[in-house]
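For the numbers below, each heavy atom of this structure counts, side chains included, while hydrogens, waters and symmetry mates do not.
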Amino acid sequence: TNPMLGNMCLYGFERGKYDLTTLQYLMEHFEGNTKTLRNIWKAAVEKELDVHALSEKILKQMLYTGCSVGEKMDIFKKYIFGPADLSLEIAFLSQNCYDYFVKDKLMNEVVFEDVQKLLLLGKKLQKVCLLAYTKYFAEHKDKITQIQRPLLKRCLKDLTKEGCVLAYFADYADMFPFMTRFMDKTIIEYKTKPGTKAIIHYMIEHKENKGGEYHTMEMKDMYGGVCCSLFVLFFGEKLFYYITEERDGNAELTESDSVSRNDIGHAVVSTRFEMLNDVVISETLQDYEAVNQMLLEYTETDYLQNALFELR
């Protein structure tokens, strides 16, 4: 390329003095900042030129430099409409899924639509894409159709097999039987910098035990510093906790809170935990006839489950 010619073309373009030949030259040869590339792309779209190669150049530059533009999703949509490089497509999706899942950034639906397309095609995606996809639909359950159900089921099975435990998993308890295990759990979720050790200090208080000692447990990093700890709380119990981060041998208090189990609603599936929880609720309401009946049902259920599902 001719540097002088390139500078002249850019000079004219930035002042609105250009024709199609100038624009096409810039599309093919301009190497510079992402915002200028975006401006060239917008002008080319207005002139209905083929922007596939330019879109690919901009996407790569955004991934390598971390410098983004507001039209990035429009650029991405134009790119995947043509013959896209699968590795670049997945890299772009992974970065945006990371921004959504880890950084809590608002995300365009096109990201989840394209994740879905690749899942339907059987492509292997990074873990963060599965996390973002399942979290998105947990927050938008009204958008789940027969298309998403089997994909969500597959993603959730893969994630739980890896040991993932996240607060939104309970939102799928009424949809997939294998997710009911999270229905009766209290999951504390905390975000920190990747690689930082988060320690939860906790105490479970109930009516027979006011106060007591705090216990400690390292929170499990599920992905990118999104850490979780799982607890089982019965009706009337209250979890007090605070979280510290360990840096350079020092512990820094970062968060404190409490969670209680005071709901008297019934779960979708009657687990043994829910049966015991109903016993506690009935005892609190002094309905002792119901307590005796529920204890009998629990004993029968416990016996049958142990007999039918004996570990070998």
Side-chain angles (χ1 to χ4, degrees), residues 59-69 72-73 76 86-116 118-119 123-140 151-152 154-172 179 182 185-202 216-231 241-257 259:
L59 291 174
K60 285 181 178 179
Q61 186 157 310
M62 285 193 293
L63 287 173
Y64 284 123
T65 65
C67 179
S68 185
V69 292
K72 67 177 182 178
M73 288 302 163
F76 181 65
L86 181 61
S87 61
L88 175 59
E89 183 177 0
I90 292 176
F92 182 84
L93 288 176
S94 299
Q95 180 60 59
N96 284 275
C97 285
Y98 180 90
D99 290 341
Y100 172 76
F101 180 77
V102 176
K103 297 184 177 180
D104 290 324
K105 290 186 178 180
L106 292 175
M107 196 52 57
N108 192 297
E109 287 186 8
V110 69
V111 170
F112 308 107
E113 291 169 359
D114 200 52
V115 167
Q116 181 171 292
L118 295 181
L119 287 171
K123 304 300 181 183
K124 185 174 178 58
L125 300 178
Q126 291 190 27
K127 180 180 178 180
V128 71
C129 294
L130 309 188
L131 290 167
Y133 185 74
T134 52
K135 181 183 178 183
Y136 175 79
F137 280 105
E139 296 171 348
H140 300 85
L151 297 177
L152 289 168
R154 190 206 315 167
C155 291
L156 290 166
K157 280 195 170 183
D158 288 344
L159 291 170
T160 52
K161 281 180 183 177
E162 290 187 24
C164 278
V165 176
L166 292 155
Y168 70 85
F169 279 12
D171 295 324
Y172 288 106
M179 296 299 285
F182 301 107
K185 306 298 189 299
T186 297
I187 300 173
I188 305 299
E189 196 168 294
Y190 175 77
K191 292 187 177 181
T192 185
K193 291 181 179 179
T196 300
K197 185 183 291 187
I199 307 295
I200 187 167
H201 308 252
Y202 67 94
T216 62
M217 173 171 57
E218 182 177 347
M219 302 185 78
K220 184 178 179 182
D221 190 338
M222 300 300 165
Y223 187 90
V226 179
C227 303
C228 288
S229 287
L230 184 149
F231 299 90
Y241 71 90
Y242 63 94
I243 297 171
T244 58
E245 293 184 1
E246 291 190 359
R247 295 194 187 98
D248 302 322
N250 298 316
E252 178 184 346
L253 176 64
T254 56
E255 182 179 309
S256 63
D257 207 344
V259 180

Heavy-atom pair of closest approach, residues [X] and [Y]:
{"X": "Phe112", "Y": "Ala132", "value": "CE2-O, 3.7 Å"}
{"X": "Gly163", "Y": "Met222", "value": "O-SD, 4.0 Å"}
{"X": "Ile90", "Y": "Lys124", "value": "CD1-O, 3.8 Å"}
{"X": "Val128", "Y": "Cys97", "value": "O-CB, 3.7 Å"}

If we only count heavy atoms from C-beta on, is the [X] to [Y] side-chain gap below 4.5 Å?
{"X": "Leu119", "Y": "Arg154", "answer": "yes"}
{"X": "Ile187", "Y": "Leu166", "answer": "no"}
{"X": "Thr192", "Y": "Thr254", "answer": "no"}
{"X": "Tyr133", "Y": "Leu152", "answer": "yes"}
{"X": "Tyr100", "Y": "Val111", "answer": "no"}
{"X": "Phe76", "Y": "Leu93", "answer": "yes"}
{"X": "Leu159", "Y": "Lys127", "answer": "yes"}
{"X": "Tyr98", "Y": "Gln126", "answer": "no"}

Scan the side chains in residues 101-108 for donor-acceptor partners under 3.5 Å anywhere in the protein, sequence neighbours excluded, and list what turns up.
unit_1 : atom_1 : unit_2 : atom_2 : d
Asp104 : OD1    : Lys135 : NZ     : 3.3
Asp104 : OD1    : Lys191 : NZ     : 2.7
Asp104 : OD2    : Lys191 : NZ     : 2.9
Asn108 : OD1    : Val110 : N      : 2.9

Indicate whether any N or O donor in one side chain lies under 3.5 Å from an N or O acceptor in the other, for [X] and [Y].
{"X": "Ser229", "Y": "Tyr190", "value": "no"}
{"X": "Tyr223", "Y": "Glu162", "value": "no"}
{"X": "Glu245", "Y": "Thr196", "value": "no"}
{"X": "Asn250", "Y": "Glu246", "value": "no"}

Exercise for review: Take Met179 and Leu156 through the side chain to side chain contact (heavy atoms under 4.5 Å, CB included) test and state the conclusion after the steps.
Suggested key: CA-CA 8 Å; Met179 296 299 285; Leu156 290 166; 3.9 Å; yes
Measuring from [X]:[atom1] to [Y]:[atom2], what's the distance to the nearest 0.5 Å?
{"X": "Ile200", "Y": "Met217", "atom1": "CD1", "atom2": "CE", "result": "6.0 Å"}
{"X": "Ile243", "Y": "Ile188", "atom1": "CD1", "atom2": "CD1", "result": "7.5 Å"}
{"X": "Ser68", "Y": "Leu59", "atom1": "OG", "atom2": "CG", "result": "9.5 Å"}
{"X": "Leu63", "Y": "Leu88", "atom1": "CG", "atom2": "CG", "result": "6.0 Å"}
{"X": "Lys123", "Y": "Cys129", "atom1": "NZ", "atom2": "SG", "result": "14.5 Å"}
{"X": "Cys228", "Y": "Asp221", "atom1": "SG", "atom2": "CG", "result": "9.0 Å"}

Hey, is the main chain of [Y] close enough, under 3.5 Å, to the side chain of [X] for a donor-acceptor pair?
{"X": "Glu189", "Y": "Ala167", "result": "yes"}
{"X": "Thr244", "Y": "Glu252", "result": "no"}
{"X": "Tyr172", "Y": "Thr134", "result": "yes"}

Point to revise | Criterion side chain to side chain contact (heavy atoms under 4.5 Å, CB included) on Asn96 and Met73, from CA distance to verdict | key: CA-CA 10 Å; Asn96 284 275; Met73 288 302 163; 3.3 Å; yes
Exercise for review: Could you tell me whether Tyr241 and Tyr202 have their ring centroids closer than 6.0 angstrom?
Suggested key: no
Check your understanding: Hey, mind stepping through Leu230 and Thr186 against side chain to side chain contact (heavy atoms under 4.5 Å, CB included) and telling me if it holds?
Key -> CA-CA 6 Å; Leu230 184 149; Thr186 297; over 6 Å; no
Check your understanding: For the residue pair Phe169 and Phe182, does the interplanar ring angle fall in the parallel (under 30°), tilted (30 to 60°) or perpendicular (over 60°) class?
Key -> perpendicular
